[in-house]
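Chain identifiers are assigned alphabetically (A, B, ...) following the order of the sequence lines, protein sequences preceding nucleic acid strands; residue numbering begins at 1 within each chain.
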2 protein chains.
Amino acid sequence: MPRINALPSLALMRSFEAAARHESYTMAAEELGVTQGAVSRQVRELEAAIGVTLFRRVGRAVRLSKAGRALREELAGDLERLSGTINRAIAAGDGATLLTMAVLPTFATRWLVPRLADFKASHPEIVLDLHSYTTPFSLEERRVDVAIHFGHDDWPGAALRKLFPEHLVVTAAPALVGSAGLDEKQDVFDLPLLHLTSRSEQWSDYHDSLGLGARAVFPGMRFDQFSMLIEGAVAGLGAAILPSYLIEAELASGALVEIGQVANVSGSAYYVAFPTGQKNEAVQVFSDWLIKQSKHRRSAG
Amino acid sequence: MPRINALPSLALMRSFEAAARHESYTMAAEELGVTQGAVSRQVRELEAAIGVTLFRRVGRAVRLSKAGRALREELAGDLERLSGTINRAIAAGDGATLLTMAVLPTFATRWLVPRLADFKASHPEIVLDLHSYTTPFSLEERRVDVAIHFGHDDWPGAALRKLFPEHLVVTAAPALVGSAGLDEKQDVFDLPLLHLTSRSEQWSDYHDSLGLGARAVFPGMRFDQFSMLIEGAVAGLGAAILPSYLIEAELASGALVEIGQVANVSGSAYYVAFPTGQKNEAVQVFSDWLIKQSKHRRSAG
DNA sequence: GACATCCATGAGCTTTAGTCACAGAAAAGA
DNA sequence: TCTTTTCTGTGACTAAAGCTCATGGATGTC
């Protein structure tokens, strides 16, 4: 029986949060679309309500007090969470089930999203809410029903179902290597190399796999998403190691040329992950569908 | 830049949450201290705001719709979280630093709280916010700065500092065993045995340690807090295995008699735990103090 | 020293949140 | 079957909250 009594109104909290973020009532007012006076009042009212000085008035400016800073840090997260809850309810609408998922951005744009029409057709009652992520996170912390995971079967607190392994190819634009490719595979190391932030040892591993020994570091541009890496490679910025399933179209059209292959020695693969003890049955439905999709090839798209 | 626009007002969400919990506007109104009509309006307004039917009106009653149930589950947590944030800000007040900690209830009442006067005297600027827990949890999920952990150095995502190991003794009220104790240690197994929910194998381990072989199960009352177990043992409900530091007073007064000892073979101990990457400096101050306290004995209290 | 910029605040307006009183519908009980 | 009770829904109205506007005061800036 959670007694939620006497919470200050949302308007007060929103005003404070914005004011704290900008350390300026005027800018907060602008962001919120109200007058500066309104923000000034709201903040004072909140201070009165909780009996804490949130801002120090120094000169003509306002500065967050220590207590104010502590409150803002928590409050910002809480409000965002609340806002997410409401927005998800709106998105799900009547009768529908909402499935919130965390996805790897390029996996989503190039593989998942093109297939979603099929999912929607067979399960119109499930509304998806996709969030991309580039760094690891915990499933409970973010409120996510399902996540796409790349790596190994080692996510604490999560149940994993394997989708498919990854087949990596070394590629470059024909402008860099000619449409026939390189004479010798190792010549790629004379080209500029493009890197994915989260997989920094990839070139080093490839170097090693060609019997050239392991070299610790390779310079070159870094991108945190495959989509950028792909566009970079197509634009002739350098050679890139890319999963073949992401560049079917580019290989078919000749925008990229394959100049080597990388053996999947690590056994890394794509997985569907969901919190153990998940009760949302849409999770089951969706992950079944995903696995079915992963089994049959699809005309490049 | 989290745009939190057009959130329905807190009053709407509170009304909905209460109405959903009771599945009755009348009772919700009573809880919130407003009229039934107000709740009816608020819920309708929320439904209009998010475009979702939250209640089905069946007969003279209201029932949560599927969407309503989903929303309530999330919303209840969000509101509680928000309420916690505000209440902590109020508790901390001006200038003070708040330290939220999760404690084992009996550890807190018998060991920690009696020593807190000392902490408060030396660090008046740190306000403590204690929450007891009896089941494992993740530090980030609940927003806790510090936790007292019993067991091993194995809490994922947490940094641990050891406080002290636990010394377990087998005890019973003198009414059960006489003030001189038992003739033979194993005679304790003829007495009713009291259990701590979270340590179900304790009697079995003790049985084994006396060279009597491991027996899988022992019947007997179960309690989820040591404090209950202690009172149960004092009241003569049965024999109990208890940490000596919790029952110094009872042993001294003769309310409990020691009838055996348990070797700490598992190496379990008490730890201070805090999220890795913790920046709140009060955490450091508090855990230093805790460790200092754990080193010097204290007159039984 | 004049100016611009920002926060504070009194007066007044608008919207929101709630009360009151009663209507309508459906269970419960006689 | 016919009350009676117990819900929710709603029109009319009131109180309060939330804002705006206009202006004053303080403090940097050029």
Is the distance from OP1 or OP2 of [N] to the nearest side-chain N or O of [X] less than 4.0 Å?
X     : N      : value
B:S40 : D:dG9  : yes
A:R57 : C:dA8  : yes
A:T26 : C:dC7  : yes
A:S9  : D:dG18 : yes

Mind calculating the distance between [atom1] ([X]) and [atom2] ([N]) to the nearest angstrom?
X     : N      : atom1 : atom2 : value
A:R63 : C:dC7  : CZ    : P     : 12 Å
A:H22 : C:dC7  : NE2   : C1'   : 17 Å
B:L46 : D:dG9  : CG    : P     : 14 Å
A:F55 : C:dC6  : CZ    : C1'   : 14 Å
B:E23 : D:dC7  : CD    : C1'   : 14 Å
A:R14 : D:dG18 : CZ    : C1'   : 12 Å
B:L10 : C:dT16 : CG    : C1'   : 14 Å
B:L32 : C:dT19 : CG    : P     : 10 Å

Is a donor-acceptor contact shorter than 3.5 angstrom present between the side chain of [X] and the base of [N]?
X     : N      : answer
A:Q42 : D:dG18 : no
B:R41 : D:dT8  : no
B:E45 : C:dA17 : no

Side chains of B:F16 and B:R72: does their closest heavy-atom pair fall under 4.5 Å?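 With C-beta onward as the side chain, the pair touches.
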Do NZ/NE/NH1/NH2 and the carboxylate oxygens of A:E231 and A:R110 come within less than 4.0 Å?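 Salt bridge between A:E231 and A:R110, a charged N being under 4.0 Å from a carboxylate O: yes.
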Salt bridge check: are A:R88 and B:E74 linked by an N-O gap of less than 4.0 Å?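 Counted as a salt bridge, because a side-chain N and a carboxylate O are separated by less than 4.0 Å.
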Are B:F226 and B:F107 an aromatic pair, judged by ring center distance below 6.0 Å?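 B:F107 vs B:F226: aromatic centres not under 6.0 Å.
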On DNA chain D, compare the nucleotides closest to B:R44 and A:V34; which residue's is nearer the 5' end?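 Closest to the 5' end, via its nearest nucleotide, is B:R44.
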Which nucleotide, D:dC19, C:dA8, D:dT8, lies nearest any side-chain atom of A:A11?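 For A:A11, the side-chain atoms sit closest to D:dC19.
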Which label fits A:F119 and A:F286: parallel for a plane angle under 30°, tilted from 30 to 60°, or perpendicular past 60°?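 Perpendicular: the ring planes of A:F119 and A:F286 meet at over 60°.
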Over all strands shown, is A:V62 touching base, sugar-phosphate only, or nothing at heavy-atom distances under 4.0 angstrom?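 Touches sugar-phosphate only.
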